[in-house]
2 protein chains.
Amino acid sequence: MTGILETKIKSIANLSPEALDLLMASTRPKPLEKGRILLREGEVCKTVYYVEKGYLRTYFTKEGNEINTRFAFENDFVTELKSLRSAAPSAYWIQAGEKTVVWEFTKEKLLELYRQSAEIESFGRNLLEQMLVDQEEHGNLFRIYSPAERYQHIVRHSPHLLQRISLSQLSSYLGMARETLSRLRKKP
Amino acid sequence: MTGILETKIKSIANLSPEALDLLMASTRPKPLEKGRILLREGEVCKTVYYVEKGYLRTYFTKEGNEINTRFAFENDFVTELKSLRSAAPSAYWIQAGEKTVVWEFTKEKLLELYRQSAEIESFGRNLLEQMLVDQEEHGNLFRIYSPAERYQHIVRHSPHLLQRISLSQLSSYLGMARETLSRLRKKP
DNA sequence: TTCATTTTGTGATTTTTGTCACAGGTTGAG
DNA sequence: CTCAACCTGTGACAAAAATCACAAAATGAA
């Protein structure tokens, strides 16, 4: 039986069975209790995570408040790329928002695999391309839509966020005050 | 003498002289008059551009208005990645905002180079990583800052935008009304 | 189950931004 | 140089969202 991670990898790049095995051999599942911190502000990020179950949230703090920048759910990859790339202290935290299972890919191991296998580097490039496309489209939500319209967009396109993310956490992700989101939620 | 494009490429990835030559041999400079359209909505994007001089702007239209999503200046790379990747019709336009010189890298040729040279694929991955980091930070501006604060941020961190981009084009990029930006500009 | 903690809802009010309308400036093509 | 087309500034006003304060509800740990 093929796991969902393998299916995901294959959907991103056509790897030979050998390359797929190589990549899969570099990782294993890791269960996390709710609230577990995977990266703290100031630490250097050394890992890319794949979420099998549950979700991870990425956030930073500004004047004592947490600003959520990403929620990575089942079948998503996530990391703190700036810190990972440059080995610089991270400005962000990564935390499990529920009881979660992730697969870890360490930077060290990934770079080794990239050198070993052009196919795996190609996989890495393709994954980045997908993430960049998503990120660009997400950024445009803020250019086009008002807070009220952004909420409507989430209702239509990402309703799972409303079910799994608390209102106060979602509000910072959507760039609006908690009270605003609370009021939007009960309108027609 | 080494051109700025070569210097840029080397800053992104450590290529061997052979790989650098291979990559440089695939492109050449192309002058564009101001206003020249490089990609239209509905067309399939086939090219990555490097801007040597001038700038390119990327935008889409919403209810008859142009919404600017990016300005690529000297020494920047830019493309319409979603369309390029999937060969799908682009939702965006790309246009020269000034008299401009770009170097074109066609998708076809790039894919060939990726197959030929692991170093060049590594360059591609590194370039994408940089773009993704930038894009993520840019998106956060909208989460943290109000329109007035976003303007201040641009004043401090990207003043060249204020010099080279017209007020009305900048306003959509910053996600605010033209009048709002006009008023912000004359405050203390 | 209970109680403290955290999260959410809501009103009152202020502030910010958007919208509309139009005048004055600027620019570039001819 | 001239004039149309475009861009910018500005006032008046409307709408949206932020802020503040607090009550109500939900949650989770003991």
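Because the structure is a prediction, the values reported are computed rather than measured. Throughout, protein chains are lettered first and strands after them, A, B, ... in sequence-line order, and every chain is numbered starting at 1.
- A side chain to side chain contact (heavy atoms under 4.5 Å, CB included) with A:L110 is found for exactly one of A:V48, A:T79, A:L84, namely A:V48.
- Of the residues in residues 137-149 of chain A, those lying under 4.0 Å from DNA chain D by heavy-atom distance are A:S146, A:P147, A:A148.
- Rounded to whole Å, the distance from CZ on B:R150 to P on C:dT16 is 15 Å.
- Taking atom NZ of A:K62 as the reference point, atom C1' of D:dA18 lies 13 Å away to the nearest angstrom.
- Judged by the 6.0 Å distance and 45° axis criteria, A:R143 is positioned over the aromatic ring of B:Y173.
- Computed from coordinates, the B:K99 NZ to C:dG28 C1' distance equals 16 Å when rounded to whole Å.
- Spacing between atom CE of A:M176 and atom P of C:dG9 amounts to 14 Å, rounded to whole angstrom units.
- The interatomic distance linking A:L170 (CG) with C:dT7 (C1') rounds to 14 Å, in whole Å.
- What you find for A:T100 and A:G54 is that their closest heavy atoms are OG1-CA, 3.6 Å.
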Scan nucleotides 5-15 of chain D nucleotide by nucleotide, 5' to 3', and note B when protein non-hydrogen atoms come under 4.0 Å of the base, S if they reach only the sugar-phosphate, - if neither. --SBBBBB---
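- Checking A:N75 against A:Y50 by side-chain atom types alone, a donor-acceptor pair falls below 3.5 Å.
- When only modelled atom types and interatomic distance are considered, B:N65 and B:Y59 share no side-chain donor-acceptor pair under 3.5 Å.
- A straight line from CD of A:E63 to C1' of D:dT19 spans 14 Å, rounded to a whole angstrom.
- A cation-pi arrangement, defined by a distance under 6.0 Å to the six-membered ring centre and an angle within 45 degrees of its axis, is absent between A:R164 and A:Y55.
- The heavy-atom pair separating A:S83 from A:P89 by the smallest distance is OG-C, 4.2 Å.
- A donor and an acceptor atom, one from each side chain of B:S16 and B:E119, are located under 3.5 Å apart.
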